[in-house]
Protein chains: 2
Amino acid sequence: MLTIGKLAEAAGVKVPTIRYYEQIGLLPPPERSAGNQRLYGNRAEERLAFIRHARDLGFPLEAIRDLLSLSDRPDQSCEAADAIARAQLSAVRARIGRLRALEAELERMIGQCAHGTIADCRVIEVLGDHAHCAHEHRKEP
Amino acid sequence: MLTIGKLAEAAGVKVPTIRYYEQIGLLPPPERSAGNQRLYGNRAEERLAFIRHARDLGFPLEAIRDLLSLSDRPDQSCEAADAIARAQLSAVRARIGRLRALEAELERMIGQCAHGTIADCRVIEVLGDHAHCAHEHRKEP
DNA sequence: CTAATGTCTCTAGCAACTATAGGTTCAAGG
DNA sequence: CCTTGAACCTATAGTTGCTAGAGACATTAG
Ligand SMILES: [Zn+2]
Ligand SMILES: [Zn+2]
Ligand SMILES: [Zn+2]
Ligand SMILES: [Zn+2]
């Protein structure tokens with residue numbers, strides 16, 4: 001049985017994060033000690049590791065909630081789980097695409113600046129020029 | 001002179017966003033009509049376009065605040081402005097690097113799944129395996 | 001003149017935590 | 001056995017960058 005601090009350390013998350021996950025129902029309320037402190041067993045540790053890894057991969061908590069409830073029904077087809085993962089993959093790819101456009105524009109504007117005064121700064125100029133860019137850059141959520 | 005709605009339309013932002021920018025001091029309080037409605041001139045339109053473009057490039061509002069106050073002093077060296085832009089570029093690159101690692105892992109786990117039952121699902125398995133990955137994937141802010 | 005928008009202020013909500021305050025419990029050293 | 005300090009408890013508020021709603025006033029088209 002682990003205290004919340006030990007569990008946090010083991011899983012690589014902060015203590016308040018665990019309490020937060022409990023509050024929103026991602027982790028079940030654990031046992032308590034005589035003095036009302038949380039005590040976690042193996043199940044909780046695995047569940048938290050699952051959550052953490054999914055978070056590391058960028059899954060939103062709602063998707064993780066769905067994945068967890070799927071993983072509680074091992075006999076069903078994994079199609080729904082795979083669909084969640086594919087959705088996450090395409091979200092990641094969309095973000096990469098957008099960021100690469102930003103990278104290109106930032107590179108260009110930094111590269112073109114002659115590093116003189118603000119009045120001649122290419123960075124300030126490009127930012128202020130509201131018609132300069134043919135590309136659409138929006139909208140990173 | 002533009003009303004807030006027209007300005008919003010012209011700049012491609014929502015009306016409450018403009019009020020929000022005013023509230024946090026990114027846009028100065030504009031003139032008001034007899035009936036207390038906001039009226040904006042060219043200066044405000046340009047400033048908002050600047051903000052929007054910088055936001056589109058992913059600059060945080062604090063950085064934009066600094067860029068705006070720099071752009072009000074055209075005689076100074078643009079070094080500070082360029083440094084902000086370089087910081088943003090490296091933040092973007094860091095995000096891209098991390099996302100590409102996520103992309104690779106998501107691809108691998110989706111590709112390896114035989115699409116049977118949850119019990120055999122590679123997606124669920126990889127997420128639950130807290131020691132599977134040699135790579136570090138953390139921490140996208 | 002009236003009806004339909006548009007605008008005003010203020011408050012609350014989103015994700016996913018993080019930080020603080022003020023109090024309780026636990027483990028170890030003396 | 002007792003004290004001290006760390007770790008724990010709850011509850012609330014703050015973070016970022018907006019967005020949505022309520023209820024009241026202003027403007028404009030027909
Ligand atoms: Zn410059
Ligand atoms: Zn651009
Ligand atoms: Zn599968
Ligand atoms: Zn991994």
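Every chain is numbered from 1 and lettered A, B, ... according to where its sequence line falls, protein lines coming before strand lines. The basis for the numbers below is simple: all heavy atoms, side chains too, and nothing from hydrogens, waters or symmetry mates.
- For Gln23(A), there are no side-chain contact (heavy atoms from CB on, under 4.5 Å) partners, not counting sequence neighbours.
- Contact check, Arg32(B) against dT9(C): a side-chain N or O comes under 4.0 Å of OP1 or OP2.
- With dT19(D), dC8(D), dG17(D) as the choices, the nucleotide that has an atom nearest any side-chain atom of Lys14(B) turns out to be dT19(D).
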Can you check nucleotides 25-28 of chain C for protein contacts, nitrogen or oxygen pairs under 3.5 Å, and list what you find?
from: dC26(C); atom 1: OP1; to: Ser33(A); atom 2: OG; distance (Å): 3.4
from: dC26(C); atom 1: OP1; to: Gly35(A); atom 2: N; distance (Å): 3.0

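- A side chain to side chain donor-acceptor pair (under 3.5 Å) check over residues 71-86 of chain A, counting only residues at least two apart or in different chains, returns the pairs Asp82(A)-His115(B).
- Residues Arg52(A) and Asp56(A) meet the side-chain proximity criterion, which asks for heavy atoms closer than 4.5 Å.
- Spacing between atom OH of Tyr40(B) and atom C1' of dG6(C) amounts to 14 Å, rounded to whole angstrom units.
- Within residues 15-30 of chain A, the residues approaching DNA chain D are Arg19(A), by heavy-atom distance under 4.0 Å.
- Residues satisfying the side-chain contact (heavy atoms from CB on, under 4.5 Å) criterion with Thr117(A), sequence neighbours excluded, are Ala119(A), Asp120(A).
- Taking the side chain as every heavy atom from C-beta outward, Ser33(A) and Arg38(A) never approach each other to under 4.5 Å.
- Between Met1(A) atom CE and dC8(D) atom P the separation is 16 Å, expressed in whole Å.
- The interatomic distance linking Arg52(B) (CZ) with dG17(D) (C1') rounds to 15 Å, in whole Å.
- Rounded to whole Å, atom P of dA26(D) lies 20 Å from atom NZ of Lys6(B).
- OP1 or OP2 of dC8(C) sits under 4.0 Å from a side-chain N or O of Arg38(B).
- Screening residues 3-20 of chain B for side chain to side chain donor-acceptor pair (under 3.5 Å) gives no qualifying pairs among residues at least two apart or on separate chains.
- Between Arg93(B) and Glu107(A), at least one side-chain nitrogen of the basic residue sits less than 4.0 Å from a carboxylate oxygen of the acidic one, meeting the salt-bridge criterion.
- Summarising the geometry, the separation between CD on Glu9(B) and P on dG6(C) is reported as 10 Å, rounded to the nearest angstrom.
- Counting heavy atoms from C-beta on, the side chains of Arg55(A) and Tyr21(A) come closer than 4.5 Å.
- Residues Ile18(A) and Val15(A) form no side-chain contact, since every pair of their non-hydrogen atoms from C-beta on lies 4.5 Å or further apart.
- Nearest-nucleotide assignment on DNA chain C puts the 5′-proximal partner with Leu39(B), out of Leu39(B) and Leu61(A).
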